A.B. asks: 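Structure incoming, see below.
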Number of protein chains: 2
Amino acid sequence: MPRSQYHLTQSEENYIKAIFALSGSSDDSISTNLLAERMSTKASSVTDMLKKLAEKELLTYTKYQGCTLTETGRNVAISIVRKHRLWEVFLVDKLQFGWDEVHEIAEQLEHIQSAQLINRLEEFLGFPKVDPHGDPIPNREGKFENIPARSSLSSCEIGTKGIVMGVEDGSPEFLQYLNRIELKLGSEIEIADKLSFDGSLVVIIDGRTTQFSHLLAAKIFIQPTS
Amino acid sequence: MPRSQYHLTQSEENYIKAIFALSGSSDDSISTNLLAERMSTKASSVTDMLKKLAEKELLTYTKYQGCTLTETGRNVAISIVRKHRLWEVFLVDKLQFGWDEVHEIAEQLEHIQSAQLINRLEEFLGFPKVDPHGDPIPNREGKFENIPARSSLSSCEIGTKGIVMGVEDGSPEFLQYLNRIELKLGSEIEIADKLSFDGSLVVIIDGRTTQFSHLLAAKIFIQPTS
DNA sequence: GATAAAATTTAGACTTGTCTAAAAAATGTT
DNA sequence: AACATTTTTTAGACAAGTCTAAATTTTATC
C-alpha cells in the first residue's frame, strides 16, 4: 500500500512518531499529558497540535479522551521509523559511527522527503532487517517482517541463557555504558542470579560477570536459547 | 579555521547561501530585489531577514544599500555548499541517482547539522574534489583547492577544443537535455562554428555534431586543450 | 535641480508552533 | 453524592517568517 503524500512539518512528524511509539502494540488512546511529557512541551501545545492532526485525518481526537492514530497516521509513523532506522544503519555500517552516536543525527535525517532516496538507501545497505540497536526496520510496504521473539532481560528467569538481540535506543549514556562492559548485539548472556531485595541481576556476558539493575535489564532484549 | 557553531534556521541558511552564490568572486553588495527574486519571495521579507542576519553578524546591511557577507557569513555559506556538494556525490556515486535528480534532495540534506557526519561522509566518498556537475567541493577548512581553469563554452573561439569540466547545477530539464545528447563531464568538445546572427554554436561532442544556443553554451564549462 | 520612476523599507496582518494563566471536565476520595 | 484533585482545554500572547499596501529613499531623466 502506498504511503500518503501529505506535506507534514517536522513538528507534525515528530508528534506522529511519538504517538506511534507510545501506542506500542495496543490501540488504547494516548493522553495529552503523556504526549506532552514525551515531547518536552506543554499540554496546551499538544491540544492545539492534536486538533490540527485530527483535521488532517492522521488521528482521531476526542476532547478530554486523548488520541489514536488512524491507518494513515500509522503509515506515516512507520515511514518515519523506517527512515530513522535505515539512516542509523548507514551511519554505523558505512560511516563508522558508534551505536551511541547515531540517534541525534538520524532524528534529523528521518525528515528528509524522498521515497526514492530511502528505497535506494535501503538497497545500498543490503536490505537490513534491524537497526544498530536491534530494532526491526519495516519494509517498503510498512510491514515488519519476521520479527524474532525477543524477551526483556528483566522478565527472564535465573538460569536463562540467550543472545542479545536488541537494546533500547535513545540515550547515549546508556549505550556508552554497554560499550564499556563490551555488550553488543550478538553477545551471549546468562542470568546467574537475581537479588530479591533490589531486583538487580547478576549476568554473565561473553564469559564476563557483571551486575544489572532491574531498570537497566529492562532495556536489554534477548532471544533465549535455553 | 573552525566554522562557527551558530544555530541557524533553514530559512536563514538559505538566505546566506543565496547571497554567497549571487556574490560570486566580487564583493559588491547584493540588492534586496535581486535576493528577493532568487529566493522567490518579496522584498519586504528580505529586508526583515537581512536585519536579523546583520544582528547575528553574518552580514553587513545598510538601509537601501543591500548587504555583503561577513567573514563568518561566508564561512557559513561555504559550509552549506560543502554539505550540498558532498551529498550530491553520495547520491550519484553510491545511490545511482542521475545528476539531474540530486539537486532537490541535496537542498534538504545540506541543512543536516553535524560536522562529524559531513567529514565522515567526505572520507567515505574518497575526498572528492568536485560534485556531479563539476563544481568544486571546499575542504574542511573551507578552501577550494586547485580549481582547474574553466571557461564558459560561450566565451570560447571557433576552433577551440576542450574537455567538459562542469555544467550549471539546478534545473533538471537542462541536465536531462544534456543526458539526451550524451554530454557528460569528461566529454571532448570542439567549437566547429559560431553563427553570428543569433550567437548560437555548432559543436562536436565526442564526434557527434549538434547546435547550442548562446544561453545554453554559457552553462557549460570546459578546460581548453587547444 | 526638479520630478518621475524604481527600489527599498515600514506598518500592520496572518500562520505556525509555542507559552502562561484561567476555566472546564474528568477522576478520586471520603 | 459532594468535594478536592488532577487532567485537559480555552483564551490570549509571543516569535519567526511571510505577505500586502503604503511610505520613503534612491536613481534616472529631462
Side-chain angles (χ1 to χ4, degrees), chain A residues 6-23 26 28-69 73 76-77 80 107-108 110-111 113, chain B residues 5-20 22-23 26 28-69 73 76-77 80 107-108 110-111 113:
Chain A
Y6 280 96
H7 181 8
L8 298 183
T9 65
Q10 295 203 180
S11 192
E12 289 171 327
E13 288 196 347
N14 286 334
Y15 273 93
I16 295 289
K17 188 173 67 141
I19 296 164
F20 181 74
L22 291 171
S23 298
S26 111
D28 297 355
S29 73
I30 301 301
S31 81
T32 303
N33 263 1
L34 184 61
L35 192 47
E37 193 182 341
R38 174 79 170 215
M39 299 292 296
S40 303
T41 186
K42 295 298 152 78
S44 55
S45 307
V46 171
T47 301
D48 288 346
M49 184 58 92
L50 292 183
K51 283 179 184 169
K52 182 159 51 136
L53 294 174
E55 187 65 38
K56 295 190 178 185
E57 304 198 327
L58 294 164
L59 49 80
T60 58
Y61 164 63
T62 325
K63 268 191 189 182
Y64 299 101
Q65 301 299 137
C67 66
T68 326
L69 291 181
V76 168
I80 300 167
E107 294 268 292
Q108 296 180 63
E110 75 191 4
H111 299 295
Q113 304 284 357
Chain B
Q5 303 301 69
Y6 280 95
H7 184 293
L8 298 183
T9 65
Q10 295 204 181
S11 191
E12 289 171 327
E13 288 196 348
N14 286 334
Y15 273 95
I16 295 288
K17 189 174 65 141
I19 295 164
F20 180 75
L22 290 172
S23 300
S26 113
D28 297 355
S29 73
I30 300 301
S31 79
T32 303
N33 262 2
L34 184 61
L35 192 48
E37 194 183 340
R38 174 77 169 217
M39 300 292 296
S40 304
T41 185
K42 295 297 152 77
S44 55
S45 307
V46 172
T47 300
D48 289 346
M49 183 58 91
L50 291 184
K51 284 179 186 169
K52 182 158 51 135
L53 294 174
E55 188 65 39
K56 297 190 179 186
E57 303 198 330
L58 294 164
L59 48 81
T60 58
Y61 165 63
T62 326
K63 269 192 189 182
Y64 299 102
Q65 301 299 136
C67 66
T68 326
L69 291 182
V76 169
I80 300 166
E107 293 268 293
Q108 297 180 66
E110 74 192 2
H111 298 296
Q113 304 283 359

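Chain A is the first sequence line, chain B the second, and so forth, proteins listed ahead of strands; every chain is numbered from 1. Since the model is a prediction, treat every value here as computed from it, not as a measurement.
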A.B. asks: Return the polar atom pairs (N/O with N/O) between nucleotides 23-29 of chain D and the protein under 3.5 Å, or none.
C.D. replies:
unit_1	atom_1	unit_2	atom_2	d
D/dT25	O4'	B/Tyr64	OH	3.3

A.B. asks: With B/Leu35, which of B/Thr47, B/Thr41, B/Val46 fulfils side chain to side chain contact (heavy atoms under 4.5 Å, CB included)?
C.D. replies: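 Looking at B/Thr47, B/Thr41, B/Val46, the match for B/Leu35 under the side chain to side chain contact (heavy atoms under 4.5 Å, CB included) is B/Val46.
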
A.B. asks: Once rounded to the nearest 0.5 Å, what's the spacing between atom NE2 of B/His111 and atom CD of B/Gln10?
C.D. replies: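 These two atoms lie 4.5 Å from each other.
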
A.B. asks: Rounded to the Å, how far apart are B/Gln10 CD and D/dA16 C1'?
C.D. replies: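 After rounding, the reported distance stands at 14 Å.
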
A.B. asks: Mind checking side chain to side chain contact (heavy atoms under 4.5 Å, CB included) for B/Thr62 and listing every partner two or more places apart, or none if nothing turns up?
C.D. replies: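 Testing B/Thr62 for side chain to side chain contact (heavy atoms under 4.5 Å, CB included), a comparison that skips the adjacent residues, returns B/Gln65.
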
A.B. asks: Ignoring backbone atoms, test whether B/Lys51 places a side-chain nitrogen or oxygen under 4.0 Å from the OP1 or OP2 oxygen of C/dT10.
C.D. replies: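 Checking C/dT10 against B/Lys51, a side-chain N or O does come within under 4.0 Å of OP1 or OP2.
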
A.B. asks: Taking atom P of D/dA16 as reference, at what distance in whole Å does atom CG of B/Leu8 sit?
C.D. replies: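 Going from B/Leu8 (CG) to D/dA16 (P), I get 13 Å.
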
A.B. asks: Enumerate the residues from residues 12-23 of chain A whose closest heavy atom to DNA chain C is under 4.0 Å, giving them by residue number; use none for an empty result.
C.D. replies: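 By residue number: A/Tyr15.
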
A.B. asks: What is the distance, rounded to the nearest whole Å, between atom CD1 of B/Ile30 and atom C1' of C/dT8?
C.D. replies: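 Taking CD1 of B/Ile30 and C1' of C/dT8, I get 16 Å after rounding.
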
A.B. asks: Going from CG on B/Leu50 to SG on B/Cys67, what distance comes out if it is rounded to the nearest 0.5 angstrom?
C.D. replies: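 Reported value, rounded in 0.5 Å steps: 4.5 Å.
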
A.B. asks: In whole angstrom, give the distance that lies between atom CE of B/Met49 and atom C1' of C/dT10.
C.D. replies: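 Taking CE of B/Met49 and C1' of C/dT10, I get 18 Å after rounding.
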
A.B. asks: Is there a donor N/O on one and an acceptor N/O on the other, under 3.5 Å, for the side chain of B/Ser44 and the base of D/dT20?
C.D. replies: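 It does, because a donor-acceptor pair links the side chain of B/Ser44 to the base of D/dT20 below 3.5 Å.
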
A.B. asks: Can you sort out the partners of B/Glu110 under salt bridge (Lys or Arg N to Asp or Glu O under 4.0 Å), two or more places apart, ordered by chain and number?
C.D. replies: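 B/Glu110 satisfies salt bridge (Lys or Arg N to Asp or Glu O under 4.0 Å) with B/Lys17 once adjacent residues are dropped.
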
A.B. asks: Of the nucleotides C/dT18, D/dC19, D/dT9, which has the atom closest to the A/Ser11 side chain?
C.D. replies: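 Per side-chain heavy atoms of A/Ser11, the pick is C/dT18.
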
A.B. asks: In whole Å, what is the span from the CG atom of B/Asp48 to the P atom of C/dA11?
C.D. replies: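 Roughly 11 Å, once rounded to whole Å.
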
A.B. asks: Going by side-chain hydrogen bond (donor to acceptor under 3.5 Å, both in side chains), name the residues that satisfy it together with A/Gln108, two or more places apart in sequence or in a different chain.
C.D. replies: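 Here no residue qualifies.
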
A.B. asks: Nearest 0.5 angstrom please: A/Leu22 CG to A/Leu34 CG, how far?
C.D. replies: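 Here the rounded value is 4.5 Å.
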
A.B. asks: Provide, to the nearest angstrom, the distance between the CG atom belonging to B/Leu50 and the P atom belonging to D/dT18.
C.D. replies: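 Rounded to whole Å, this separation is 11 Å.
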
A.B. asks: Tell me which one of B/Thr68, B/Thr60, B/Ile19 satisfies side chain to side chain contact (heavy atoms under 4.5 Å, CB included) with B/Ser29.
C.D. replies: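 Of B/Thr68, B/Thr60, B/Ile19, side chain to side chain contact (heavy atoms under 4.5 Å, CB included) with B/Ser29 is met by B/Thr68 alone.
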
A.B. asks: Heavy atoms only, 4.0 Å cut-off, all strands: where does A/Ser45 land among base, sugar-phosphate and nothing?
C.D. replies: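 Base, at least one base atom sits under 4.0 Å.
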
A.B. asks: Respond yes when some side-chain nitrogen or oxygen of A/Lys42 is under 4.0 Å from OP1 or OP2 of C/dT18, and no when none is.
C.D. replies: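 Answer no for this pair, as no side-chain N or O of A/Lys42 is under 4.0 Å from OP1 or OP2.
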
A.B. asks: Could you note down all residue pairs passing salt bridge (Lys or Arg N to Asp or Glu O under 4.0 Å) where residues 35-48 of chain B supplies at least one of them, sequence neighbours left out?
C.D. replies: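 Matches after skipping sequence neighbours: none remain.
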
A.B. asks: Is the phosphate of C/dT8, meaning OP1 or OP2, less than 4.0 Å from a side-chain N or O of B/Asn33?
C.D. replies: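 Yes, within the criterion.
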
A.B. asks: Is any side-chain N or O of A/Ser31 closer than 4.0 Å to OP1 or OP2 of D/dT7?
C.D. replies: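 Result: no.
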
A.B. asks: Can you tell me how far P of C/dA26 sits from CG of A/Leu34, to the nearest Å?
C.D. replies: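 Answer to the nearest Å: 20 Å.
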
